[in-house]
Amino acid sequence: MKDKTIPFNWPHMTGKELYYIAKAHFNGCLAGDGPFTKRCHGWLEARTGCGKALLTHSCTAALEMSALLLDIQPGDEIIMPSYTFVSTANAFVLRGGVPVFVDIREDTLNVDEQLIEAAITPRTKAIVPVHYAGVACEMDAIIEIARRHNLKLIEDAAQGVLASYKGRPLGTIGDLGAYSFHETKNVVSGEGGALLVNDPELVLRAEIIREKGTDRGRFFRDEVDKYTWQEVGSSFLPGEIIAAFLWAQLEEADRITKKRLVSWKRYHDLLQPLEAKALLRRQIVPEECQHNAHMYYVLLAPEINRQALLEKFKRNEIFPVFHYVPLHSSPAGRKYGRAFGELELTDRLSERIVRLPMWVGLSNEQQDKVVQVLSDSLV
Ligand SMILES: *Cc1c(COP(=O)(O)O)cnc(C)c1O
């Protein structure tokens with residue numbers, strides 16, 4: 001970054017993206033599932049231990065595939081947090097499913113596992129935990145509930161690449177897991193994502209759904225002598241240009257994560273005095289969670305005016321952001337979903353959060369300035 005603006009996000013380039021894209025061009029294979037896609041699948045499978053990884057256009061597409069795979073029917077209920085990105089819910093609403101929103105935990109802003117069981121009805125089909133900020137949900141408790149009630153488990157691990165829970169990579173703990181490679185995430189391809197298929201019984205259908213509902217994958221493996229329409233699907237696979245770009249990023253994924261963790265830790269140390277004065281609360285990462293520094297956020301004390309703070313940042317050419325407008329209070333969320341009880345923490349905490357600029361290459365000087373402006377506005 002040359003000027004003195006500090007953006008919220010700045011996509012990191014490893015330097016090999018265009019080289020691999022040129023190679024894909026040279027290979028003359030530009031449709032999906034070519035050599036670069038296979039490399040990316042191999043990396044994801046080796047690094048996460050998932051049975052099958054499939055690149056998609058986005059995490060949204062991976063979630064939509066999940067809804068098709070679980071055969072979600074109109075009226076089926078899916079339990080999820082309200083504090084999440086719209087795709088978590090929208091993917092199921094497309095199949096006629098009804099998102100049932102439960103409240104979050106105060107520490108991690110993840111779904112409160114203790115509320116899930118009471119939200120289950122005879123129509124409940126699945127639970128979708130969202131690993132916010134790459135910090136895992138309490139998966140042991142959630143798995144136990146899913147088993148007891150025979151529910152499917154889909155991890156929205158959009159933010160969770162290279163993060164883990166008790167040593168288990170996020171996205172590999174449920175029946176299915178969805179990753180995002182959107183340019184605001186840690187490892188990027190502009191738009192992009194992957195579905196991790198952990199239940200071996202779902203692998204073949206996942207391939208079919210992703211290939212327009214056909215058994216084209218089996219045809220290319222010489223397992224069938226022609227390919228035909230097998231079931232409802234769509235085109236969920238990215239072309240090789242995207243996969244080539246992503247490959248350059250996956251090769252560097254460990255270094256990217258390491259660098260982000262350094263910036264994360266630095267924010268965490270610099271902000272300790274403000275937390276000590278009770279002006280804000282820093283992010284909390286439970287012992288059993290290895291996170292990936294996807295984001296650094298703070299929760300402002302209730303008496304602090306967030307809007308005024310954001311304007312002050314803007315005057316200093318710093319662009320932090322806040323999110324999410326809780327889904328249960330959004331127009332579509334009210335129309336298609338329902339809230340389970342009072343979502344008191346979701347409402348309260350979503351109004352106090354501020355996400356600080358976080359990207360590979362953020363300098364110490366830039367971080368110091370962010371912290372300086374923040375502390376000047378609070379004290
Ligand atoms: C980014 C994100 C998504 C959507 O990812 P895309 O790849 O942009 O479709 C879904 N869920 C969560 C929690 C996200 O952060």
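These values consider heavy atoms only, across backbone and side chains, with no hydrogens, waters or symmetry-generated copies. Note that the numbering runs from 1 along the sequence shown for the chain. Keep in mind the model is a prediction, meaning the values are calculated, not measured. Whatever order the structure lists ligands and atoms in, that order sets their numbers, starting from 1.
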of all protein heavy atoms, closest to atom 14 (C) of ligand 1 is Ala158 CB, 3.3 Å
Please classify the Tyr324 to ligand 1 contact at 4.0 Å (heavy-atom distances, strictly less than): side chain, backbone, both or neither.
side chain
N-O pairing of Arg306 and Glu351 below 4.0 Å:
no
State plainly whether the residues Lys265 and Asp269 are in salt-bridge range, i.e. N to O under 4.0 Å.
yes
Taking only heavy atoms of Cys59, which atoms of ligand 1 are found under 4.0 Å from at least one of them?
4 (C), 5 (O), 6 (P), 7 (O), 9 (O), 10 (C)
For Phe36, the rest of its hydrophobic cluster, which grows through side-chain links under 4.5 angstrom:
Tyr19, Tyr20, Trp43, Leu44, Leu55, Val161, Leu162, Tyr179, Phe181, Val187, Leu196, Leu246, Trp247, Leu250
Salt bridge check: are Arg338 and Glu77 linked by an N-O gap of less than 4.0 Å?
yes
Contact check, Ala61 vs ligand 1, heavy-atom distance below 4.0 Å
no
Closest approach of any protein heavy atom to atom 9 (O) of ligand 1, naming residue and atom
Thr60 OG1, 2.5 Å
Does Thr84, backbone or side chain, put an N or O under 3.5 Å from an N or O of ligand 1?
no
To check your reading of the model: name the closest protein heavy atom to atom 2 (C) of ligand 1, its residue, and the distance in Å.
Lys185 NZ, 3.0 Å
Please write down residue, atom name and distance for the protein heavy atom closest to atom 15 (O) of ligand 1.
Gln159 NE2, 2.7 Å
Compute the centroid of each ring, for Tyr132 and then for His323, and state whether the two points are separated by less than 6.0 Å.
yes
Closest heavy-atom contact between Ile241 and Ile21?
O-CG1, 3.7 Å
What protein heavy atom lies closest to atom 7 (O) of ligand 1? Include the residue and the distance to one decimal.
Ser180 OG, 2.7 Å
Which residue and heavy atom of the protein sit nearest atom 4 (C) of ligand 1, plus the separation
Phe85 CD2, 3.7 Å
Mark up the atoms of ligand 1 that fall under 4.0 Å of a heavy atom belonging to Gly192, in ascending order.
7 (O)
Ignoring hydrogens, just give me the one of Val130, Thr56, Asp156 whose non-hydrogen atom is nearest atom 11 (N) of ligand 1.
Asp156
Any salt bridge between Arg281 and Glu106, counting N to O under 4.0 Å?
no
Are a donor atom and an acceptor atom from the side chains of Thr37 and Glu240 found within less than 3.5 Å of each other?
yes
